[in-house]
Protein chains: 2
Amino acid sequence: MSQHRHPGAPGRAGAVPALPDLPEATVARLPEYLRALHALADAGDETVSSEALANAAGVNSAKLRKDLSHLGSYGTRGVGYDVALLIDQIESVLGLTQCRSVALVGVGNLGHALAGYDGFASRGFRIAALFDADRARIGEQINGLVVRHIDELPRVAAEESISIGVIATPAPAAQAVADQLVAVGVTSILNFAPCVLSVPEGVDVRKVDLAIELQILSFHEHRKASLTALPATGGSALTALPGGLAATDTQEAIGT
Amino acid sequence: MSQHRHPGAPGRAGAVPALPDLPEATVARLPEYLRALHALADAGDETVSSEALANAAGVNSAKLRKDLSHLGSYGTRGVGYDVALLIDQIESVLGLTQCRSVALVGVGNLGHALAGYDGFASRGFRIAALFDADRARIGEQINGLVVRHIDELPRVAAEESISIGVIATPAPAAQAVADQLVAVGVTSILNFAPCVLSVPEGVDVRKVDLAIELQILSFHEHRKASLTALPATGGSALTALPGGLAATDTQEAIGT
DNA sequence: GGTTGTGAATCATTTCACAGCC
DNA sequence: GGCTGTGAAATGATTCACAACC
C-alpha cells in the first residue's frame with residue numbers, strides 16, 4: 001500500500017487502546033472470518049476451533065490463528081474461540097460498529113445492480129444516495145432511493161455523512177467523479193470503472209475489475225491446457241476441447 | 001518458452017514445470033498492464049517507457065520491469081517497450097488469443113448486470129449462455145441471450161465449449177451450482193456469492209465479494225479516524241503531492 | 001485428551017541500485 | 001543522456017512445530 005505508516009511508538013506509552021497495526025493481508029481476511037462466524041452463530045454454535053473456523057473461511061488454521069493473534073485474540077486453549085466475542089472483536093476492529101453511509105455514483109447497468117444489492121445492508125452499510133450525470137436518469141427510483149444529479153453531491157454528502165464512495169461509471173467519467181468525491185471529503189473509494197484513479201495521499205482506493213478477474217482465470221485455464229498437452233516431449237496433441245468430460249479423476253467435494 | 005531459471009536457489013526439490021511459471025502477483029497485474037497498453041495504442045503511441053506504463057497502470061516502474069522480465073522481455077534499452085508487441089505478448093501469455101466462452105449462472109440483480117456488461121466482450125470474453133433455477137425467469141431475454149434452466153447446462157456447455165463459469169446466485173445455491181459446473185468440465189469459476197466453495201483439485205476459483213471490499217475500506221476509514229484523534233506521529237506528509245498524478249501506489253496494492 | 005499462541009523457518013514479493021545497452 | 005534487465009537486499013506473508021495452557 002502507500003506509505004502511510006505510523007511508526008510503532010506514538011511518543012508516550014500506554015495511551016492508545018488496541019489501535020491495531022494489522023498486516024494488510026490479515027485485514028483482507030477478517031471480513032471472511034466475520035461472515036463465517038455469523039453463519040456459525042446462526043447455526044447456534046457458541047464456540048469454534050481454529051480448525052473449524054479456518055475451514056469455513058477457506059484458509060488453513062495456522063494462518064487463522066496468526067491473524068487472530070494480531071487482534072489480541074480471545075481464544076481459550078483446549079476449547080476454541082467464543083463465537084459471539086470474536087464477532088464483536090472483529091467488527092470493532094473493522095469499524096463496523098457504526099453503520100457507514102455509502103454514496104453510489106453511476107446508475108447504469110452495474111450501478112443499478114449495486115443499488116439493489118441487499119448484501120450491503122445486511123453487512124453494515126447503507127446506500128445513502130445515488131448519483132448520475134445523465135439528466136435522463138435523474139429522478140428515477142431504485143430500491144426506494146431517488147437518483148440525483150452529481151452536482152448535488154456536496155449538499156447530500158454533508159447531509160448524509162457519506163463515509164465511502166462507490167464509482168460505477170464508465171471509465172472516462174471516473175476520474176472526475178473521484179475528484180468530486182475527494183472534494184467533499186470522502187477518503188475511501190471503491191472503484192468499478194476499469195481505469196486507474198489518482199487521488200491525494202490519505203485517500204484509499206480499492207478497485208474491482210470484473211474483466212480482470214476473468215483474465216486471471218484465463219491465464220490459469222491456458223496454463224492447465226498447456227500442461228496436459230505436453231506431459232512428455234512431443235506428446236500427441238489431444239484436442240483441448242472440453243466437449244465431454246475432462247480427463248481428470250478426482251470428483252470428490254471436500255467438506256460441506 | 002522461457003528459459004528463465006534462478007540458478008542460485010539451493011536445495012530445490014521437486015519438479016520444475018516446463019511452462020512459463022509466473023509469480024501469482026505478476027499474473028494478477030498483467031491484465032492491468034494490458035488495459036493501459038490498449039489505451040496507449042488507441043492514443044497512437046508506438047513505444048512506452050517502463051515509467052510511463054507503470055504510471056498508467058498504477059504501479060511503480062521497478063515492479064513493472066520485473067514483471068515484464070518474467071515473460072522474456074521485449075523492451076529496448078534507451079527506448080522503451082513496443083506497445084503492439086507487448087500487447088501481443090501479454091495476450092498470448094494470458095491465453096486471450098482465443099475468445100473464451102463464459103456461462104453465467106444466476107440472473108438476479110447482479111447477474112442481470114453482468115449479463116449486460118459490455119466490458120467482457122471488449123476484452124476477449126463472450127457470455128455464451130445464461131442460466132437460472134427460477135422457472136419464472138426462464139425464457140427471458142437479456143442482451144440477446146435467452147435465460148435457460150440450469151438443467152440444460154450439460155447440453156449447452158458441450159455445444160458452446162464453455163471455458164469459464166460465473167456464479168451470481170444467492171449463497172445457499174452457490175455450492176450446488178459449482179458442483180454442476182465442475183461436473184460438466186468447467187475448471188475455472190468466478191464466484192460472486194458470499195460463501196466459500198469447495199471444488200476438486202485442479203479447479204480454480206476466484207471470489208469477488210462486494211461487501212468485503214467495503215469492509216476493508218471501512219477498516220482503513222476507521223483507522224484514519226483514530227489517527228486524526230491522536231497527536232502527530234512525526235512529520236506525516238499529509239499534503240498533496242505536486243501534480244495530480246501523485247499517488248501511484250495508493251490503489252491496487254491493497255490485497256488481491 | 002485437545003487447542004491456542006507464537007517464535008523460528010520458509011517462501012513470496014517488493015524495492016534498490018547499477019551494469020549493460022541504445 | 002536515457003532506459004531496460006536483473007542480481008541482491010529488504011520487506012512481508014505463510015507455514016511449521018511446539019510450549020503453554022485448559
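In the text below, chain A, chain B and the rest are named by the order of the sequence lines, each starting its count at 1.
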_Rounded interatomic separation in angstrom, taking CG from B/L22 and P from C/dA12_ = 14 Å

*Rounded to whole angstroms, how far apart are CZ on B/R29 and C1' on C/dT15?*
12 Å

_Tell me the interatomic distance from B/L64, atom CG, to D/dT4, atom P, rounded to whole angstroms._
8 Å

*Quick one: A/D82 CG to C/dT3 P, roughly how many Å, whole number?*
16 Å

*Does OP1 or OP2 of C/dT15 have a side-chain N or O of B/K63 closer than 4.0 Å?*
yes

*asked:* Both A/V48 and B/G78 contact DNA chain C. Taking the nearest nucleotide for each, which residue is further toward the 5' end?
replied: A/V48

*Rounded to whole angstrom units, what separation is found between the OH atom of A/Y74 and the P atom of C/dT3?*
22 Å

*Tell me: CD of B/E51 to P of D/dT4, nearest whole Å?*
9 Å

*Atom-to-atom span, OH of A/Y81 to P of C/dG2 - whole angstrom*: 17 Å

_Within this structure, what is the CD1-CG distance for the pair A/I167 and A/L110, rounded to the nearest 0.5 Å?_
12.5 Å

_Salt-bridge contact B/R35-B/E32 (side-chain N to carboxylate O under 4.0 Å)_ = yes

*Which pairs with one or both residues in residues 51-61 of chain B pass salt bridge (charged side-chain N to carboxylate O under 4.0 Å, His left out), sequence neighbours excluded?*
none

*asked:* What's the closest nucleotide to the side chain of B/A25 if the choices are D/dA13, C/dG7, C/dT13?
replied: C/dT13

*Within this structure, what is the CZ-to-P distance between B/R65 and C/dG20, rounded to whole angstrom?*
16 Å

_For the residue pair A/S188 / A/D204, report whether a side-chain donor-acceptor contact shorter than 3.5 Å exists._
no

*Of the candidate nucleotides D/dC3, C/dT13, D/dA13, which contains the atom at the shortest distance from the side chain of B/S49?*
D/dC3

_base_contact_polar (C/dT4 base, A/R77 side chain, donor-acceptor, <3.5 Å)_ = yes

*Can you check whether A/N60 has a side-chain N or O nearer than 4.0 Å to OP1 or OP2 of D/dT15?*
yes

*asked:* Nearest to the A/S50 side chain among C/dT6, D/dA13, C/dT4, which nucleotide is it?
replied: C/dT4

*Most 5' of A/T26 and B/V79 on DNA chain D, judged by nearest nucleotide*: B/V79

_Please report the interatomic distance CD(B/Q175) to CG(B/N191), rounded to the nearest 0.5 Å._
9.0 Å

